[in-house]
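This report refers to the structure that appears directly beneath it.
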Amino acid sequence: MDTGLHPRPHRPDATPHQPATLTRWQHAAQRARSAQQLGQWRMAMAYQHQALALSLQLLERTPPAGHEDDCIAAAVVSHLNVAELQAEAGALADAARVLCRAHALLLSLMADARHGAALQQAAWRHSRETHAALLRHVQAHGAQPLITQTLTSAHVVHAAGGAGHH
């Protein structure tokens, strides 16, 4: 059975005429939830990928002042939702890759001062969610080398830079 849940590169699909916004992200995420509730897995995954692409676009640009946390939250939620759908479809390695990508994204934002303190602090706060998601995945599906590597890298980053973010 083809579930349509094959991994896809996360390419932003917004055009110059339709830039990524939190509102567009919310609409895509809501469509995905609706499709999932109706059992339309392909459509749910397509909308989750759209929401993920929009959230990544929001972070590629400098998020509007005061909306850094919202933009980070959108990226985290989108990654977790895509990973959840992949895990439900039995694509555990793909789900693990998405979770690792989410955590690595936050670690890179935390480590790069060019992003500004508000974005770095939001990434720090939300990294707890992605860390917990990685641990839940291991607990539910067993250890995977990529997750182990990601958690080890995260421990080094947290130990090196974590004191200033509390």
Side-chain angles (χ1 to χ4, degrees), residues 7-33 36 44-87 94-138 144-166:
R8 236 178 47 170
H10 301 297
R11 288 189 305 270
D13 59 355
T15 65
H17 302 291
Q18 293 183 321
T21 64
L22 281 168
T23 300
R24 285 191 66 217
W25 172 81
Q26 289 171 330
H27 288 296
Q30 180 55 48
R31 285 186 203 107
R33 279 190 298 278
Q36 188 174 0
M45 184 56 89
Y47 282 128
Q48 287 296 0
H49 276 285
Q50 181 184 25
L52 180 56
L54 289 166
S55 73
L56 293 174
Q57 266 194 343
L58 289 168
L59 292 175
E60 284 175 7
R61 304 178 313 193
T62 303
H67 292 282
E68 295 88 356
D69 197 74
D70 297 333
C71 292
I72 292 286
V76 169
V77 166
S78 293
H79 279 92
L80 297 183
N81 288 345
V82 167
E84 180 184 333
L85 283 174
Q86 289 173 326
D94 293 334
R97 273 192 291 279
V98 170
L99 293 173
C100 290
R101 220 177 1 244
H103 200 59
L105 170 66
L106 298 182
L107 295 177
S108 70
L109 292 171
M110 288 166 32
D112 189 346
R114 293 177 297 171
H115 295 294
L119 194 65
Q120 286 180 296
Q121 289 170 359
W124 176 261
R125 283 189 301 278
H126 288 281
S127 71
R128 294 180 181 123
E129 295 170 55
T130 55
H131 184 263
L134 288 166
L135 295 176
R136 282 191 306 273
H137 188 86
V138 168
Q144 295 181 15
L146 182 59
I147 291 178
T148 302
Q149 178 185 359
T150 299
L151 290 171
T152 301
S153 299
H155 179 71
V156 170
V157 170
H158 284 282
H165 291 280
H166 291 280

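Heavy atoms only: backbone and side chains are in, while hydrogens, waters and symmetry mates are out. In what follows, residues are counted from 1 in the order of the sequence shown.
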Practice item. Inspect the surroundings of CZ in Arg114 and state if more than 12 heavy atoms from other residues, nucleotides or ligands are less than 6.0 Å away. Key: no

If you measure from [atom1] on [X] to [atom2] on [Y], what distance do you get to the nearest 0.5 Å?
| X | Y | atom1 | atom2 | value |
| --- | --- | --- | --- | --- |
| Gln86 | Gln48 | CD | CD | 10.5 Å |
| His115 | Ser108 | NE2 | OG | 6.0 Å |
| Ser127 | Met110 | OG | CE | 4.5 Å |
| Thr150 | Leu107 | OG1 | CG | 8.5 Å |
| Thr130 | Arg128 | OG1 | CZ | 11.0 Å |
| Leu56 | Arg101 | CG | CZ | 9.0 Å |

Practice item. Tell me, with the steps shown, if His27 and Gln30 meet side chain to side chain donor-acceptor pair (under 3.5 Å). Key: CA-CA 5 Å; His27 288 296; Gln30 180 55 48; over 6 Å; no

Student check: side-chain heavy atoms of [X] and [Y] closer than 4.5 Å:
| X | Y | answer |
| --- | --- | --- |
| Leu58 | Pro63 | no |
| Thr148 | Val138 | no |
| Leu105 | His79 | yes |
| Pro19 | Arg61 | yes |
| Leu52 | Trp25 | no |
| Val76 | Leu80 | yes |
| Glu68 | Gln121 | no |
| Gln144 | His137 | yes |

Exercise for review: Starting from the C-alpha separation in whole Å, work towards a yes-or-no answer on side chain to side chain donor-acceptor pair (under 3.5 Å) for Arg33 and Gln36.
Suggested key: CA-CA 5 Å; Arg33 279 190 298 278; Gln36 188 174 0; over 6 Å; no

Review point. Going through the checks in order, is the side chain to side chain contact (heavy atoms under 4.5 Å, CB included) test met by Val82 and Asp94?
Key: CA-CA 9 Å; Val82 167; Asp94 293 334; over 6 Å; no

Taking all heavy atoms of [X] and all of [Y], pick out the closest pair and write down the distance.
| X | Y | result |
| --- | --- | --- |
| Ala20 | Gln57 | CB-OE1, 3.0 Å |
| Ala51 | Ala29 | CB-N, 4.0 Å |
| Tyr47 | Ala28 | CB-O, 3.6 Å |
| Ala74 | Leu22 | CB-CD2, 4.3 Å |
| Gln120 | Ala111 | NE2-C, 4.3 Å |

Revision key, fill the gap. Paired with Leu119, the side-chain contact (heavy atoms from CB on, under 4.5 Å) test is passed by just one of Ile72, Asp69, Asp112, namely Ile72

